[in-house]
Amino acid sequence: MVFWLIKTEPDEWSWNQQKNCGNKGAEWNGVRNFQASNNLKEMKLGDKCLFYHTGNVKSIVGIAEVIKEAFLDKTDISGKFVSVKIKALYPLKKQVSLYEIKKNNVFKDFALVKQSRLSVMKVSLKYWKKICKMGKVKI
DNA sequence: GCCAACGTTGGC
DNA sequence: GCCAACGTTGGC
């Protein structure tokens, strides 16, 4: 099992919208960056994702699960990029903000900090555990 | 194949 | 609203 972090602008697609889709989930489309798209291609059924809100929120708000592996993104006319399907599992009891992550030196090599423009990234087990602890949820 | 110019993202 | 960082495009 691999852990991921996926970013979204809450005005465009929010945790609440994702949650409202329930177990049937929703397509994670619109990624137009090769590195991010390659990460989508690596996702396997059952992989877990940290759900991160950019914009005014800038916090990890919930945990989601991959329910369909990569397929061509219908919204991409060039046919170069892929989507996956994600369902919301549960919210963090306590949201983990970018500020808190940056404040903690443990996260100095976290892609969220080092590569702020990357929208889909791998999360090491060490960082995953730490964030779950900060978010007061069980793994 | 290099690189300048330009566009986009996202944090501040 | 600004700008740094980075990705993409297109001319050569």
Side-chain angles (χ1 to χ4, degrees):
Chain A
M1 150 121 54
V2 181
F3 300 101
W4 306 91
L5 182 143
I6 53 179
K7 284 187 189 176
T8 176
E9 185 76 46
D11 287 344
E12 285 169 23
W13 185 255
S14 69
W15 171 256
N16 276 339
Q17 285 172 284
Q18 183 72 55
K19 200 178 60 185
N20 288 340
C21 291
N23 284 336
K24 66 179 184 357
E27 282 186 30
W28 198 262
N29 55 29
V31 171
R32 295 292 180 271
N33 167 286
F34 288 112
Q35 214 184 330
S37 192
N38 285 337
N39 284 333
L40 290 181
K41 285 181 191 169
E42 280 187 49
M43 288 185 179
K44 298 288 177 215
L45 277 181
D47 280 358
K48 302 285 191 293
C49 305
L50 297 170
F51 198 102
Y52 178 83
H53 274 169
T54 56
N56 295 329
V57 185
K58 289 191 280 296
S59 301
I60 299 164
V61 296
I63 292 176
E65 181 179 335
V66 177
I67 56 169
K68 187 178 176 188
E69 294 176 12
F71 53 94
L72 273 182
D73 184 343
K74 291 194 286 286
T75 68
D76 170 31
I77 48 164
S78 71
K80 285 188 286 197
F81 298 102
V82 298
S83 304
V84 294
K85 223 166 174 187
I86 297 290
K87 74 167 180 182
L89 288 183
Y90 38 82
L92 297 193
K93 286 207 182 92
K94 184 186 171 303
Q95 297 190 359
V96 178
S97 69
L98 182 63
Y99 173 74
E100 289 172 85
I101 287 170
K102 283 195 159 175
K103 211 169 53 176
N104 192 331
N105 198 42
V106 168
F107 291 111
K108 68 179 190 312
D109 291 322
F110 192 13
L112 188 67
V113 176
K114 286 178 84 175
Q115 260 183 290
S116 64
R117 292 184 52 195
L118 186 61
S119 60
V120 180
M121 67 194 74
K122 229 172 246 178
V123 179
S124 69
L125 183 59
K126 183 176 94 172
Y127 288 161
W128 180 272
K129 283 183 174 168
K130 181 76 180 163
I131 288 164
C132 286
K133 204 172 170 187
M134 291 163 80
K136 303 201 187 304
V137 290
K138 294 208 175 97
I139 298 171

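If you're wondering where the values come from, they're calculated on a predicted model, not measured in any experiment.
- Near DNA chain C, meaning a heavy atom under 4.0 Å away, there are no residues from residues 95-106 of chain A.
- Summarising the geometry, atom OH belonging to A/Tyr127 is positioned 11.0 Å from atom CG belonging to A/Leu112; distances are rounded to the nearest 0.5 Å.
- Residues A/Phe81 and A/Leu40 fail the side-chain proximity criterion, which asks for heavy atoms closer than 4.5 Å.
- Residue pairs meeting the side chain to side chain donor-acceptor pair (under 3.5 Å) criterion with at least one member in residues 94-106 of chain A, sequence neighbours excluded: A/Lys94-A/Glu100, A/Ser97-A/Glu100.
- Separating the CD1 atom in A/Ile6 from the CE atom in A/Met121 is a distance of 10.5 Å, to the nearest 0.5 Å.
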Write out a two-atom table: protein N or O, nucleotide N or O from nucleotides 6-11 of chain C, distance below 3.5 Å.
unit_1	atom_1	unit_2	atom_2	d
C/dC6	O2	A/Arg117	NH1	2.1

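- Expressed to the nearest 0.5 Å, how far CD1 of A/Ile60 lies from SG of A/Cys49 amounts to 12.0 Å.
- Closest heavy-atom contact between A/Ile63 and A/Trp15: O-CH2, 3.3 Å.
- Between A/His53 and A/Phe51, the ring planes are perpendicular. Angles over 60° get that label, and only those under 30° would be called parallel.
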